[in-house]
Amino acid sequence: MNYLLRGIGVLATVGTLSLLAFSLPSGGEARGDGGDDLMPRLAHKNWQQECASCHLAYSPALLPRASWQRVMGGLEQHFGENASLDPATQADILRFLEANAADSGTSRMGDKVMQRMDRNTAPLRITETRWFVKKHDEVPRATWTRKSVGSAANCAACHRQAEKGVFDEDTVRIPK
Ligand code: HEC
Ligand code: HEC
């Protein structure tokens with residue numbers, strides 16, 4: 001945003017339209033996903049209300065549409081829990097997840113997930129995607145089941161700002 005504002009300031013002073021055409025495509029900043037902001041910033045009332053009570057609200061960008069359809073189609077038996085919703089809320093959340101899914105082309109995060117995705121599969125778990133496994137291949141196997149971690153799905157155990165959607169390297173600390 002700073003860049004954008006500064007850019008506009010410069011443009012206002014110089015006042016040439018040709019400069020505008022030249023400067024806009026130069027940075028991801030204009031799209032709001034530049035710099036270290038890997039995870040897209042998303043807000044959706046039902047999703048935040050219904051999908052963040054047992055674990056953090058996993059970003060839709062971490063799974064493709066086909067996966068979200070499977071997840072949302074099986075909420076009565078959701079990893080050993082009954083997470084079922086009324087049909088209208090369920091449909092509303094699914095629409096949001098699909099619109100922002102890894103294969104929706106709306107985020108850099110999604111593009112990364114899709115680069116490694118086997119298109120014939122629709123994993124139910126983010127932690128089973130090839131992207132996740134590769135990105136975490138330096139985490140020793142025994143770490144995942146440590147009491148302080150619990151499971152790989154417990155992102156916030158290591159990503160200290162996961163609740164805010166921040167997963168940058170410098171915010172990672174594996175608990176003892
Ligand atoms: C009643 C509790 C509960 C609610 C509500 C709930 N979940 Fe879950 N969810 C779980 C549990 C338990 C797991 C398994 C966690 C683990 O393996 O450590 C899980 C796992 C997941 C995973 C897989 C995580 C991984 O391993 O990569 C996804 C995706 C997921 N939930 C999506 C959702 C969505 C979307 C909603 C909202 C519609 C939702 N959950 C609501 C309990 C819940
Ligand atoms: C046991 C600790 C641990 C857990 C649990 C964990 N991660 Fe990570 N994660 C790491 C480590 C370590 C890295 C590598 C940091 C680096 O790039 O050096 C990483 C990297 C990442 C990155 C890449 C950041 C970047 O800048 O490229 C993302 C995104 C990420 N994790 C998301 C998740 C999500 C989503 C979950 C939960 C479904 C999760 N992680 C669970 C430890 C963990």
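Worth knowing before you read on, the calculation uses all heavy atoms, side chains too, and leaves out hydrogens, waters and symmetry mates. One-based numbering, in listed order, for ligands and for the atoms of each. The residues of the chain are indexed from 1 along the displayed sequence.
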- request: Tell me which one of His159, Arg146, Arg173 gets a heavy atom nearest to atom 43 (C) of ligand 2.
  value: His159
message: Suppose I only count heavy atoms of Val139 and a 4.0 Å limit; which atoms of ligand 2 are within that range?
response: 12 (C)
query: Is Gly80 near ligand 1, meaning one of its heavy atoms is under 4.0 Å from it?
result: no
- request: Give a yes-or-no answer on whether the side chains of Glu50 and Gln90 include a donor-acceptor pair shorter than 3.5 Å.
  value: no
task: Starting from atom 32 (C) of ligand 1, find the nearest protein heavy-atom neighbour and note its residue, name and distance.
output: His78 CE1, 3.6 Å
query: For Thr127, is at least one N or O under 3.5 Å away from an N or O on ligand 1?
result: yes
task: Could you check atom 6 (C) of ligand 1 against the protein and tell me its nearest heavy-atom contact, residue, atom and distance included?
output: His55 NE2, 3.5 Å
- prompt: For atom 25 (C) of ligand 2, which protein heavy atom lies nearest, and how many Å away is it?
  reply: Leu38 CD2, 3.9 Å
- request: Would you mind running through ligand 1 and noting each atom that sits below 4.0 Å from a heavy atom of Met72?
  value: 38 (C)
query: Looking only at atom types and distance, does a side-chain atom of Trp47 sit under 3.5 Å from a main-chain N or O of Ala57, one as donor and one as acceptor?
result: no
query: Nearest protein heavy atom to atom 36 (C) of ligand 2, by residue and atom, and its distance?
result: Cys155 SG, 2.8 Å
task: Write out the residue and atom name of the closest protein heavy atom to atom 18 (O) of ligand 1, then the distance separating them to 0.1 Å.
output: Ser151 OG, 2.5 Å
- request: Check the surroundings of atom CZ in Arg116: do more than 12 heavy atoms from other residues, nucleotides or ligands lie under 6.0 Å from it?
  value: no
- prompt: Does Arg65 reach the main-chain N or O of Asp103 with its side chain, forming a donor-acceptor pair under 3.5 Å?
  reply: yes
message: So does Leu62 get a backbone contact from the side chain of Ser59, meaning a donor-acceptor N/O pair under 3.5 Å?
response: no
query: Distance-only, no hydrogens or angles: does the Asp168 side chain make a donor-acceptor pair with backbone N or O of Thr171 under 3.5 Å?
result: no
message: Check for me, please, whether Ile93 and Phe79 land in the same ILVMFWY cluster - side-chain distances under 4.5 Å, paths through other members count.
response: yes
statement: So the atoms of ligand 2 within less than 4.0 Å of a heavy atom of Cys158 turn out to be 1 (C), 2 (C), 3 (C), 4 (C), 5 (C), 42 (C), 43 (C)
field: Asp111/Arg108 under salt bridge (Lys or Arg N to Asp or Glu O under 4.0 Å): CA gap, chis, key distance, verdict
entry: CA-CA 5 Å; Asp111 295 346; Arg108 209 156 52 86; over 6 Å; no
field: Identity and distance of the protein heavy atom lying nearest atom 4 (C) of ligand 1
entry: Cys54 SG, 3.3 Å
message: Counting non-hydrogen protein atoms only, what is the nearest one to atom 17 (O) of ligand 1? Give residue, atom name and distance.
response: Arg125 NH1, 2.8 Å
query: Which of the numbered atoms in ligand 1 are below 4.0 angstrom from a heavy atom of Ser53?
result: 5 (C)
Subset of ligand 2 atoms that lie under 4.0 Å from at least one heavy atom of Leu62: 35 (C)
field: Separation of Ser84 OG from His78 NE2 (nearest 0.5 Å)
entry: 11.0 Å
task: Identify, by atom number and element, the atoms of ligand 1 in contact range of Glu50, meaning under 4.0 Å from any of its heavy atoms.
output: 5 (C), 37 (C), 41 (C)
field: Per-atom contacts of ligand 2 with Glu169, taking only distances under 4.0 Å to non-hydrogen atoms
entry: 15 (C), 16 (C), 17 (O), 18 (O)
task: Could you tell me whether the side chain of Tyr58 and the main chain of Ala153 form a donor-acceptor pair under 3.5 Å?
output: yes
task: Look at the side chain of Trp68 and the backbone N and O of Ala101, then say whether any donor-acceptor pair between them is shorter than 3.5 Å.
output: no
task: Indicate yes or no: does an N/O atom of Lys112 lie under 3.5 Å from an N/O atom of ligand 2?
output: no
- line: If you scan protein heavy atoms around atom 14 (C) of ligand 2, the nearest is Lys135 O, 4.2 Å
- prompt: Any idea which part of Glu128 is under 4.0 Å from ligand 1, heavy-atom wise: side chain, backbone, both or neither?
  reply: neither
message: Taking 4.0 angstrom as the limit and counting only heavy atoms of Asn154, give me the atoms of ligand 2 inside it, by number and element.
response: 5 (C)
message: Does only the side chain of Cys51 get under 4.0 Å from ligand 1, or the backbone, or both, or neither? Count heavy atoms.
response: both
message: Between Arg173 (side chain only) and His159 (backbone N and O only), is there a donor and an acceptor less than 3.5 Å apart?
response: no
field: Heavy-atom gap Ala152 to ligand 2 smaller than 4.0 Å
entry: yes
- prompt: How close does the nearest protein non-hydrogen atom get to atom 27 (O) of ligand 1, and which residue and atom is it?
  reply: Ile126 N, 2.7 Å
message: What I want to know is whether His136 and ligand 2 share at least one N or O pair that is separated by under 3.5 angstrom.
response: yes
statement: The protein heavy atom nearest to atom 11 (C) of ligand 1 is Phe79 CB, 3.9 Å
query: So, the side chain of Asn46 versus the backbone of Thr89: is there a donor-acceptor pair under 3.5 Å, distance only?
result: no
- request: Considering only non-hydrogen protein atoms, determine which one is nearest to atom 12 (C) of ligand 1 and report residue, atom name and distance to 0.1 Å.
  value: Glu81 CG, 3.7 Å
- request: Look at the aromatic rings of Trp144 and Phe132 and report parallel, tilted or perpendicular, splitting at 30° and 60°.
  value: tilted
